[in-house]
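Read the numbers this way: they start at 1 and go in the same order the structure lists the ligands and their atoms.
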Amino acid sequence: MADKQTYTPSHPHLLTVEFGDGDYSAFLKAAKPFKSGDIVARITGTRTRIKSYLTLQCGRPSDHLILDSDLKYCNHSCNPNTVWDISAADMSEWHVRAIRDIHTNEKITFFYPSTEWEMDQPFECQCGSEEYNCYPRPNFARTDEVLSANPEHIPTSYSSGLTTASLAQEIFDWEDSRTRDHYRTLDYTHLALIMSIASVARIAYISSDVVVDSQPPRPANSHFADTYQRLTRSRGPYEPTVVNVPLGADPGTTLLSHRSSRLQSFTASSSSQVLNRLILHLSELASTPLVLHISVEDDLSQVLVLRSLVPFFLYSRNTQEAHDHALLAARLARVEGKAVLHAFQATTSNRISEASGDDIRQFLLSEKPSAAKTHGHANGHINGDANGQVNGTSSVPEPSPADALLAAYESALASTVSFLRRPLRPVSHHGPAECENLVLAVGSIPDLAVEGVSFAHLSLLSPLPVKAILSVITPSVNRILLVEQLRQWQTKWTPLYLELLSVLQNQDNASLNLHSCFVSNGDAVTAVDVLKLVRDASSSPSSQRLTIEHPAKPTQVASPHIPKHESAYVKLLDQLFGSRLDISNSPSLVPSEGDLATTPEFAIGRVRGQLDAREELIASVTELISDLNITSELHALLSQWLQAKDDPVKGPQLGDEIVSLLMSEQYVKGAASRVLILREHFAVQSRWIIGSDAWSYDLGASGLHHAIASGLNVNILVLDTTPYSSRNAADPNRRKQDVGLYAMNHGDVYVASIAVYSSYSQVLQALAEADKFDGPSVVLAYLPYQSEDAPALDILKETKLAVDAGYWPLYRWNPSKESEGKDPFVLDSDTIKNELQRFLDRQNHLSQLVRSQPQLAAELVSNLGDTLKEARRRRAEQSYAELLTAIDAPPVKVLYASDSGKAEKFARRLATRAKMRGLSADACAMDSVSIEEIVKEQFVVFFTSVAGQGEFPQNGRTLYKSFNAAIARSEKPFGEVQFSVFGLGDSHYWPRPEDAHYYNKSSKDLNKRIEQLGGKRIVDLGLGDDQDADGPETGYKAWEPLIWKALGVDAIELTEAEPEPITNEHIKVASQYLRGTIKEGLEDATTGGLAPSDTQLTKFHGIYQQDDRDIRDERQVQGVEPAYSFMIRVRMPGGVCTPSQWLLIDQISDEHGNGTFKITTRQTFQFHGVIKRHLKSAIQDINRALLDTLAACGDVNRNVIVSAIPSMSKTHAQAYAFAKKVSNHLLPRTTAYHEIWLDKKLVAGDAVKDVEPLYGEFYLPRKFKVAVVVPPNNDVDVFANDLGFISIVNDSGDVVGFNVTAGGGMGVTHGNKKTYPRLGTVLGYCPIEQAIDVAEKVMLVQRDNGNREDRKNARLKYTIDRMGLDVFKAEVERRLGYTLQPPQPYTFDRNVDDFGWSTGADGKHHFTTFIENGRIQDEPGLSFKTGLRELAKVHKGRFRMTANQHLVITEVATEDVPAVKELLAKYKLDNLAYSGLRLSSSACVAFPTCGLAMAESERYLPLLIDKVEKICEKNGLRHDSIVMRMTGCPNGCARPYVAEIAFVGKAPGAYSMLLGGGYHGQRLNKIYRDSVTEPEILAILDPMIKHYALERQEGEHFGDFVIRAGYISATHEGKEWWDRAGGEGQWREAASA
Ligand code: SF4
């Protein structure tokens, strides 16, 4: 260790605390919250000192801790209480090591003062330990975080900013990629280089609203990006939008798209590929607040090209200057509203003092942007100004533009200097005042002491600081050497030289000689170089340019790195073409040709030269053949070569023979000599240009179009390495062009899309075809990877997913096939595209195919009868054709947010109609796009429905939230976006006046937000109201024409008919009797879901696709698909099963489902949470239990339900037998179920011969429900079913016939008065022998007369009301061939279950147990599932489900009763000590699995009952049965519309409250309150139940009472259900009055 060392800060992020003499009590306070193990900062003296306590563990490395202490240096403590004094330490590399060596578990906070620190004593350890044995990583607490958590401790002098911890993180991030040993030999020069750029990046980040960062070729990150990422991670108060522009993309376009920001910064390393792109746009950008920070290594050639295009050009030659100029540039750009180019040297600097972030912001905001901007040229050009007033001495009152710019610079400079308290000058001068030579330096030329020479460094290059320059030209100077750091300047004189010359000439100083001198490496210039330069200048005319040569830095000649994965394709090319392979832009050319050697332009030039040479060879060979003096052997060889010149094998062989003959026979003149010179072209080459997908951002600018349009025989391989999951990170503001489509549009170009990890053979085929094709070929190759370390398996998976889903279609387009009469297009990826929709939602950035044809995904699988493969191929080809023609059409983006699908339908219809008008349109969910993607659109039309109380529909919430966040940040990204919004809502959904603002709230909010984000509204908000005569169509019809008008296509006449939207009817008929593509979808392991059309079909198989709605948002944020699972419903007529079946059901729920199962209101089991992988085995296991799931859902007859009257066992047996017969009779006949789930073979191979004698290929318009009831217990709610059979029993207890009811149904749509619940009407009586026939004919009349246009109006109840009951009945009877008899008398007295033990007519015993809402599960303290399993093991009778979701253990022999009782007691299954209210309650599933749920039901009703029970109890009604039901939506699965009290979900926590249903299901209830929350429910029920308790009549049920008491009017039939809703008289809801 050195005796005396001075450590100076070498990192820009270090100064966080400024100390001075004075009171440090604030810091003492700040120390308090620190715990043992922390470093506690404490000031101990009046000098700048911090005393720290370190509690460190023994034996840990610390030989690099730098400690200044009055107590001697200690690098290592064995005493946990040792007190260490750390003096004013600044961060140096020593500390970097120190931080690195701190133990993992310790939290450390450093405070750094700004003063310099000197260590003047040797470094010693008190304990003498030399151990250095661990390299753990510490946890760092940020100083500012600790302090901000304790604001009272923040000292006044504390300034937040990046701290040691940030630096440490950086070091460790950096270290991550290196080995420890590498770290130990760390070259701090490299670190300093990062720091120099990091300092500028930090200012850019803190000062700007938008930072645009140019990226190097993937997978590398720009040096600037490292800092941005770190700052973003640190979540500081500044959060600019950071936009990454990939190499090859045009950054100018991105900058223009953000020009409205208050300040934007562009950061890049100097490279012609990046800077040349800016030239086109700088004239437009010059008058915007923009700072271009360009880091330069040695050559200023590229950046100086831009000098004349920007109003201000600053140059920094060291890190401190870079920091200070970055601030000055920000201030200047912000205040003047003009572009400032700041070029800075990325040289090693080891000292820097930085301003804190808050101070910077304050400094920048302290002066408002100038209202009257510095006048001058709009484009900022100042050089060569017409009036030539550049010397600052003009007497013209109006300053010249250059003077005005100079004045602006000086003003900003003055502010910056006063802020920084450091000198900052446009020209800095050093050296003797009296000397003859002045070196005016532009570059990193060091300050040298040279006799007779003074130096002036130019920091302001534009506008030229004439006055300052003249001030350093002392009278003794007679020679000025303008030394510019230029390596690749093309013209003799630089603009700066000419401008300076003009200035000097204006000075009339004839004796001054101005010499131009180029230096290739400014840092390397020595005093000797300068002396030599002076000597050369004295002996040369000033018109001669001088140079100081230094070898180029090694980095200039290094070949670009080729990521290892990408070399896969190069190896393939090598393997295929061997020595013929010529990569025309090979990175190996860079050292000799410069970095332009990898561009397409360079490659095309090279190819053109090679092809010309070969042509010349051919011409020379032809000429030589005609030479009569050559030998016959040579003649023969030449002729053979001409014949076989394109043969890759024979061509070079013959060439070799020709060459050796020519040489042996000494042909050296004329054509022969040319042939020898050109001999390398005998072999036909396979010429390839290889590029990245970055080229596809700007086809024109990247030079790719030159290659495509060149017509040359060259092959272009474009590698797309961006996985779709990170597509936005590359450049969210820019859209990649589809190079394939672009090339195909050119006509004579071979195009192929390949993926080596998907189809190796297709890759080989495509590469060979491309090579063979005589003309340009474009091969797009997919190779998605995140980093070089990405395992091949990840790439394989990603590729497979992309190809299988159509994200990356594999195809080949070979125009030469056309001449052979063959189809030029071959789609090679013909796997099923079940997932296409998923990828569409993720915004395929390359394939415009799917972007413009989103219905491809949804509709492809419902192929309307064709084979799937053919349909897909046809559709894909058609899509390509459409795309090619629509490539120029104005694009319209249609976005929707829709829960029920209604807004989506409107959106898709608009997109279809837009396409018919020649626009390029696509529709997708709002959440499938980001703000950045919308910014790229010109016209965007939004459709949104409204969820709950004005909330956004689920699939639009994320985007909407990001709108709000952007508004909070005062962003206005939609400056170029034109938009309109259409909303769908129901003005009566929330009828109370105070809730009126919920109507169409989402669309109104959205409309406002987009405008706040800068969007230009082209058509006012359109509102569709369910209450209008034609529903939302009424508003829509008025709004749509305005859209066409705004888009300028209103005059277009549509000649073709609008395609019919795909409906369930189409899906059914195209499904080949319920097959669809379910089988293929089950095999698709890439998604947990099925294709949308298949999810409609699986319902017929008893399977519903669902997703866990509790985690839907979370998964969406994660960018993964919903957590799909399936609900399986068993078909079990009458709900009867054996104990062995029960055991199997129990086992299936464990093995395939979520461990529970549910008894449903249709008397069967359903399982939830079955994932796709288990679906088939679950159905097979159900089949093993001799059960099935066919027709448990879907537009068919559903599970037939039967009264579960335990005491009437004989009657029940007959009713049950009849129910089974009905179920079997009305069962679909398709063999698809067995084929798909049970692996039964198709009838006669592939030829589907299914017929559906009852259903036909359309099946029913809607579901069809049948119930069989045995009075007096209407436990099945027979009137709530489409078809009901009321058993008529003779005196012997035999069922002799049925009263037939028809037209019951529960489903309603909130607010839609065309929908209503209805009770079945008794049609008449039929004897039992006719009943099956009656069931069939009723169903057939519905099949043929039901409304297939509108599913909301398709149930039998509407058919009957539309046809009229008499007509309907007559039609049934016509089909029967006889009339129904008059109904028989019957009586119902209840619809709740009879709980407890009963004995049947057969002497067997039955126990009805209470299962709350039918959920069979084990809960803490209630092991129902286990109990029933144990019971099933011993039970010899059966189990019978009830339609109220409870369970009857039936047919227990007398001798078995004790055992059963014991088990029931053990598992508390015999507990019936519930309130009458609870025993009479019922709820549907709703959240989290039901996709239609608007509010909780099964999970909430028990909690609500807890509270209502208390009301009942205090009014003495504990045992009184009141039927209370709840559903999560108005579909009404738990039959709420016949309950005495019902709650139907409207929004989370809000329900419609209905009253007045008949106790035994004989009367509908009615809406009493439109929307109530729990407190309102309790507030309503409390007095009402009390009123009932006090004033009810004998035997009067609650439903009857509320009508008699005048709370609600009675509903006599479905059609009048909406009438008089809202209560009666004094209890009428105010809004309903
Ligand atoms: S009533 Fe609605 S929420 Fe409840 S299960 Fe049926 S569809 Fe789902």
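Among residues two or more places apart in sequence or in another chain, the ring pair (Phe, Tyr, Trp, His ring centres under 6.0 Å) test is passed with F1395 by F1410, H1446. Listed by chain and residue number, W1617 satisfy the ring pair (Phe, Tyr, Trp, His ring centres under 6.0 Å) test with Y1537 (two or more places apart in sequence, or in another chain). Residues meeting the ring pair (Phe, Tyr, Trp, His ring centres under 6.0 Å) test with Y1358, sequence neighbours left out: Y1316.
Of all protein N, O or S atoms, those under 2.8 Å from atom 2 (Fe) of ligand 1 number 1.
Under a cut-off of 6.0 angstrom, the local environment of CD in E1419 is crowded, with over 12 non-hydrogen atoms contributed by other residues, nucleotides or ligands.
At least one test fails for K1172 against the ring of Y1124: distance under 6.0 Å to the centre or angle within 45° of the axis.
The aromatic rings of Y960 and F952 sit parallel to each other, their planes meeting at less than 30°, with 60° as the upper class boundary.
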